[in-house]
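Just follow the structure's listing: the first ligand is 1, and inside any ligand the first atom is 1.
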Amino acid sequence: MSTRDFIEKDYYGALGVPQDADAAAIKKAYRKLATELHPDKNPGNTEAETRFKEVSEAYDVLSDPKRRGEYDDARRLFGAGGAGARAGFPGGFPGAGPGGQPFDLGDLFGGAGGAGARGAGGLGDILGGIFGAGAAAGGARARSQAASGPARGQDVETEATLSFDEAVLGVTVPLRMQSPGSCPTCAGSGARPGTSPHTCPVCHGAGVTSRSQGAFAFSEPCRNCRGSGQVVDDPCPTCAGSGITSQTRTITVRIPAGVKDGQRIRLPGKGAPGRRGGPAGDLFVVVHVAEHSLFGRKGDNLTLTVPITFAEAALGTTLTVPTLQGTVSLKVPAGTASGRTLRVRGRGVSGKGRPGDLLVTVEIAVPVRLTPGQRKVIEQLAEEMDEDPRPQITAAVRGGGEA
Ligand SMILES: [Zn+2]
Ligand SMILES: [Zn+2]
């Protein structure tokens, strides 16, 4: 049975009574119809059977003053009053489909209750989805399942400062954390050792109570047990009955390889412990990564700038360069331009997937001071190298002079 039946069905029409009919008139009409339509009197008559069900359903609602009031309110609210409301919702109802297709109110007023009410079936569940725990047993059941039971621990956030190498290669770090945790004295029950908590008499363990306002009932955390569903008579002396104490924990966490500065890493199940055996929350670690004196980082690639002499660039050489895992030989071809970047495969950040590369940029270092001997040799070199290294610039300069 769908919750929208409640809005669509005309219970007064089913019983053939006016909307202002009193309880006696409703009862009388029901008895008459129920006797006429009873399946025992109409064997094999499906139409009578259907009518009998309609009449019974209508009477179940209209004979209960509280539910009758809710039914009246709902039909007023959604403008579906009067006979022939089967066409669905009037235009402009929020959420109504483009074709005026009625949708299920259970979705509108909290999915859990609605789903529970539908799944449970039966007349008493019609109202569960719409009107909350107070209106129908089905709704109350659905809600109590959601509210009681073990609670998941809180998520905890902390920070960790890593060296450049640790961030690139991954590291296991101890983290000292101050966080609420399960009380060691009472193991989280909140009750003095040797005693045990009992089910809250106000909410019967559901942790929620419901408050009526017009047609609707709102559920709110139970005040008697503060939403826990359990009451402690003799509180634990360590945690004063809360079951939670502030604890310093040192946990060891593995920071995966390849994290970046400012990245927030989620470590499932490493947060605060759950209450009453519930699952632990998650730990979020915001990492700060220190700069490296030599290496830079571009995504999964490491960068390194290596000065070389003009002679090395012109003649070619083999450099020995550092990586985060030992040194490598890097061949610089003859005629390498200053600023050229050479790639050392697989020596970058080994995060997920293929490891990054080490990108080595060579820069020609120009000597600031020259010995007389060096100066003489370089002057000879200059005479020898009579080719213009910048023909386009020279042409532009000439062109500009003529204009
Ligand atoms: Zn309670
Ligand atoms: Zn305790």
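Taking 2.8 Å as the criterion, His204 does not count as a coordinating residue of the Zn ion (ligand 1), since none of its N, O or S atoms falls below it.
The SG atom of Cys186 and the SG atom of Cys239 meet at the Zn ion (ligand 2) at an angle of about 110°, given to 10°. Here the angle centred on the Zn ion (ligand 1), running from SG of Cys222 over to SG of Cys200, is 120°, rounded to 10°.
For the residue pair Arg68/Tyr12, the side-chain donor-acceptor check at 3.5 Å is satisfied. A donor and an acceptor atom, one from each side chain of Thr195 and Asp234, are nowhere located under 3.5 Å apart. For the residue pair Arg254 / Thr172, a side-chain donor-acceptor distance below 3.5 Å is found, with atom types taken as modelled.
From Glu220, atom CD reaches atom OG1 of Thr209 across 4.5 Å, with rounding to the nearest 0.5 Å.
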